[in-house]
Amino acid sequence: MYIKLNWFNQATSQSYNYHPNFFFMAVSWIFPFLFPLFSTANLSTTWINSYSPPHSVNFSDGSIVTPILVKESFGPSYACGFYCNGNCETYIFAIFIVSTYDDPAVVWSANRNNPVRINATLQLTLGGNLVLRDADGTLVWSTNTTDKSVAGLKFTHLGNLVLFNVNNVTVWQSFDHPTDSLVPGQKLIPGQKLTASVSATNWTEGGLYSFSATNSGLIALVESSPPQTYFKRSITNLTDSKASNYVMYLNGSLSLFTNSNDSEILVSVAPVSSAQFMKLEFDGHLKVYEWQDQWKEVNDIFTFSIGECGYPMVCGRYGICSNGQCSCPKSSSDSTNYFRQINDRQPNLGCSEITKMTCNDSKNHRYLKLNDMNYFAFGADIIDTDMTTCKNACLRNCSCKAAIFGYASNSSKGECHLPSEIFSLMNNEKDKTRYNSYAFLKVQNETQRKRHVNGAIVGSVTGISILGIIIGCIIFTFWKKRKEDEVEEHYLDNMPGMPVRFSYDDLKSAAENFSKKLGEGGFGSVFGGTLKDDTKIAVKCLDGIGKAKKSFLAEVETIGSIHHLSLVQLIGFCAQKSHRLLVYEFMSNGSLDKWIYSGNQEIVLDWKCRKKIIHDIDKGLAYLHDECRQKILHLDIKPQNILLDEKYNAKLSDFGLSKLIDRTQSKVVTTMRGTPGYLAPEWLSAVITEKVDVYSFGVVVLEILCGRKNFEPSEPEEQRLLMSLLKRKAEEGRLMDLIDKRSEDMQLYKEEVVDTMQVAAWCLQRDYTKRPSMSTVVMVIEGAVDVEKSLDYNFLVPQTVSDINMIDSAPLLPSILSGPR
């Protein structure tokens with residue numbers, strides 16, 4: 001029997017068919033608002049978020065629900081609609097499980113980062129797009145399904161919101177866009193993840209934790225730089241033939257499915273006896289809740305594997321977890337305290353450094369040794385190493401905050417972890433009989449701290465004398481700066497072939513008071529402007545003194561008197577009092593990184609355009625290396641420093657780190673500079689040649705061809721490092737697999753692309769003497785010379801994320817912009 005009901009949905013009057021059951025009738029008796037709802041909708045339907053009954057209902061926890069679609073059942077029912085929890089000034093469009101006896105449990109939301117207000121609207125348009133707009137009409141969220149032949153919307157018994165076409169084929173579904181929860185029957189495929197909210201009351205997607213399925217298994221990460229793994233469940237016997245794998249929350253388990261007949265249970269969960277859902281909590285726990293007259297926790301999945309102390313923030317930053325109790329690190333050799341509780345009453349909030357560590361005083365760094373101490377993170381940065389090597393590796397890298405070393409009791413070699421951010425540590429007392437582990441926390445030397453304290457005491461006694469010295473220093477500083485400015489002025493005025501010199505007022509007027517910001521870098525910002533002759537320009541304003549001034553002089557000296565089609569033109573400069581500005585030609589298409597990295601641009605560059613960009617870059621570098629009066633080493637080649645004009649001609653920019661050397665010099669000793677990930681291996685010796693630019697060029701070419709960054713933390717572990725992937729695919733004879741799959745045009749020129757990929761591999765040779773010169777690369781790209789046949793694909797490939805930063809063993813000068821970003 002079917003009952004036909006008419007319901008006016010505040011915007012359109014439509015009729016819907018219902019098949020009631022006893023539960024639904026009982027629910028509708030308690031909550032009358034549920035009865036006139038439906039589980040399907042046609043095109044051109046609008047729902048309004050309203051306070052007024054019967055369109056909304058209040059719950060005991062203070063939440064308010066304005067339901068839109070309900071799927072009835074003999075237990076708690078799935079519903080979707082507007083939901084608020086708290087002061088109810090803003091709402092999210094959500095899917096939730098609702099019962100007659102307890103508060104709703106939200107399992108999906110569309111706009112948790114951008115909630116809406118009363119009178120917001122949800123509309124299924126005639127074009128087949130589900131659109132959420134705020135009360136003022138602002139677009140908040142959309143399924144982006146216009147022109148995909150959507151015929152209607154339905155809400156399934158699994159709690160899945162689905163847009164379907166005339167053939168009842170799914171076009172879009174909420175199951176493909178998980179937030180922080182999974183429900184039985186929902187898949188989690190590689191590339192999808194659960195992201196925890198900020199806190200129990202702040203549901204914004206900005207928490208520390210994420211949980212995802214990769215091609216190698218399940219993984220939970222804590223957000224840091226780089227992200228660190230705290231839970232991992234590997235998939236056994238998975239081959240490339242099963243690449244279409246996914247994980248499904250089904251029958252009380254998280255199971256891997258590779259096809260309809262093959263599955264493997266990864267995580268066992270209590271069998272479903274009632275409504276159930278799984279949620280990644282804000283504290284990193286993955287918990288299963290089940291309806292038992294109310295929502296009750298029935299499983300804490302990660303804890304079974306990693307224990308209570310295995311969570312990154314269980315005791316806050318620098319806190320030590322021991323049997324569920326939190327404390328701060330203490331020295332075992334003396335009474336010195338380097339850390340203190342953030343809150344004595346809440347030790348789980350973590351610890352703070354008493355004396356902040358600074359890279360400017362690295363000579364006074366020391367280690368605080370903690371015995372029987374382990375770290376939550378999976379994977380080692382250096383394997384099969386000894387304790388001394390581990391500790392030295394951290395001391396060489398200022399971003400490293402600790403050396404965590406562990407080894408089996410029957411071996412002297414072990415694994416080394418070098419985190420750049422310290423979360424909670426955990427005591428390893430129970431397991432030390434078979435596994436020895438130590439944490440060496442990098443701290444500021446205590447003697448240095450005492451020196452500051454003593455200095456303060458002396459200062460209080462001899463304040464007048466110190467004040468006099470300070471005043472003298474200030475006078476001397478101003479005098480010295482004035483002298484330096486005079487020297488700089490003389491230097492600039494006598495430099496041959498100088499570009500136009502502008503006044504500060506002229507550039508301020510041209511840049512409209514520096515109101516159009518195009519980007520910013522380590523030494524300042526870049527603004528758009530127009531000269532009096534209507535020439536569009538990009539003005540780089542350098543901030544501060546010291547290194548910024550050196551960068552200014554380096555850039556003016558380097559490209560002030562040279563001209564090439566593949567170099568961004570320096571039109572002029574300003575050196576007036578404290579103002580240091582550089583004026584460049586305007587590059588309308590910005591930097592290359594916005595065009596090649598996946599997902600950053602709607603327009604995908606075709607093969608012809610990418611090949612031309614590569615050729616422009618190699619010609620620019622060849623000119624710098626071989627055709628200038630002095631050999632010019634750029635030293636910071638990366639996509640962000642390659643700019644594109646309106647015709648996608650590529651030009652090198654940002655010469656703030658460049659180095660000029662005489663042609664009689666074959667090598668040069670210089671301070672390490674550049675960007676991690678693009679630095680050649682020989683930088684570790686500080687003795688370099690122009691081949692460091694060749695190496696960086698090889699990395700950039702690889703990124704252009706593959707359409708991704710050389711390090712992608714969102715990728716599965718075995719695919720994060722592009723050079724490692726290149727090595728493996730070369731050994732398998734499957735370089736074509738690396739070609740950017742977003743570009744159909746690239747797929748038509750696979751052989752050409754692979755040939756260019758081999759050029760990149762040639763440039764990435766570990767031995768710099770085996771890399772080609774840039775002039776040779778130009779001839780290879782033009783077809784005049786063949787690529788070296790006997791290439792060594794055994795690059796110096798980092799094995800982990802931290803190895804990328806290992807090469808950064810000296811403080812780097814930040815790269816700055818030479819044009820619009």
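All values derive from a computational prediction rather than experimental measurement.
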Side chain to side chain donor-acceptor pair (under 3.5 Å) between Ser142 and Asn129, intermediate numbers included: CA-CA 7 Å; Ser142 169; Asn129 200 15; 2.9 Å; yes
Trace of the side-chain contact (heavy atoms from CB on, under 4.5 Å) decision for Phe211 with Leu188: CA-CA 10 Å; Phe211 173 68; Leu188 194 64; 4.1 Å; yes
Chi angles and distances behind the side-chain contact (heavy atoms from CB on, under 4.5 Å) call for Ile613, Leu592: CA-CA 9 Å; Ile613 289 171; Leu592 176 62; 4.0 Å; yes
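Between Asp740 and Arg742 there is a salt bridge, since a side-chain N of the basic residue sits under 4.0 Å from a carboxylate O of the acidic one. Ionic pairing of Arg708 and Glu715 is not present here: no N-O contact between side-chain nitrogen and carboxylate oxygen is shorter than 4.0 angstrom. With salt bridges taken as basic N to acidic carboxylate O contacts below 4.0 Å, none links Glu703 and Lys638.
The shortest side-chain heavy-atom distance between Thr179 and Leu194 does not fall under the 4.5 Å cut-off. No side-chain heavy atom of Asp134 sits less than 4.5 Å from a side-chain heavy atom of Trp141. Between Asn119 and Ile48, some side-chain heavy-atom pair lies under the 4.5 Å cut-off. Here the side chains of Asn49 and Phe93 are not in contact, with every heavy-atom distance at 4.5 Å or above.
Annotation: Lys287, atom NZ; neighbour count of heavy atoms from other residues, nucleotides and ligands within 6.0 Å is above 12. Other residues, nucleotides and ligands contribute more than 12 heavy atoms inside 6.0 Å of the NZ atom of Lys279. Other residues, nucleotides and ligands contribute at most 12 non-hydrogen atoms within 6.0 Å of the OH atom of Tyr749. Counting heavy atoms of neighbouring residues, nucleotides and ligands inside a 6.0 Å radius, atom NZ of Lys516 does not exceed 12 of them. The environment of Lys741 atom NZ is dense: over 12 non-hydrogen atoms of other residues, nucleotides or ligands sit within 6.0 angstrom.
No side-chain donor-acceptor contact under 3.5 Å links Trp108 and His177.
Checking side-chain atoms of Thr145 against main-chain N and O of Gly128 turns up a donor-acceptor pair under 3.5 Å. Judged purely by atom type and a 3.5 angstrom limit, Asn710 has no side-chain atom pairing as donor or acceptor with the backbone of Leu722. No donor-acceptor pair closer than 3.5 Å links the side chain of Arg117 to the backbone N or O of Glu89. Looking only at distances, no side-chain donor or acceptor of Asn167 sits under 3.5 Å from a matching main-chain atom of Val169.
For Trp47 and Phe82, the ring centers sit 6.0 Å or farther from each other. For Trp295 and Phe277, the ring centers sit closer than 6.0 Å to each other. Ring centroids of Tyr209 and Phe282 are separated by 6.0 Å or more, keeping the two rings apart.
Applying the side chain to side chain donor-acceptor pair (under 3.5 Å) rule to Thr138 yields the partners Asp136; only residues at least two apart in sequence or on another chain are considered.
Taking the six-membered ring where tryptophan is involved, the planes of Phe96 and Tyr83 are tilted, since the angle between them lies from 30° to 60°.
Geometric assessment of Lys154 against the ring of Phe164 yields a positive cation-pi assignment under the 6.0 Å and 45° thresholds.
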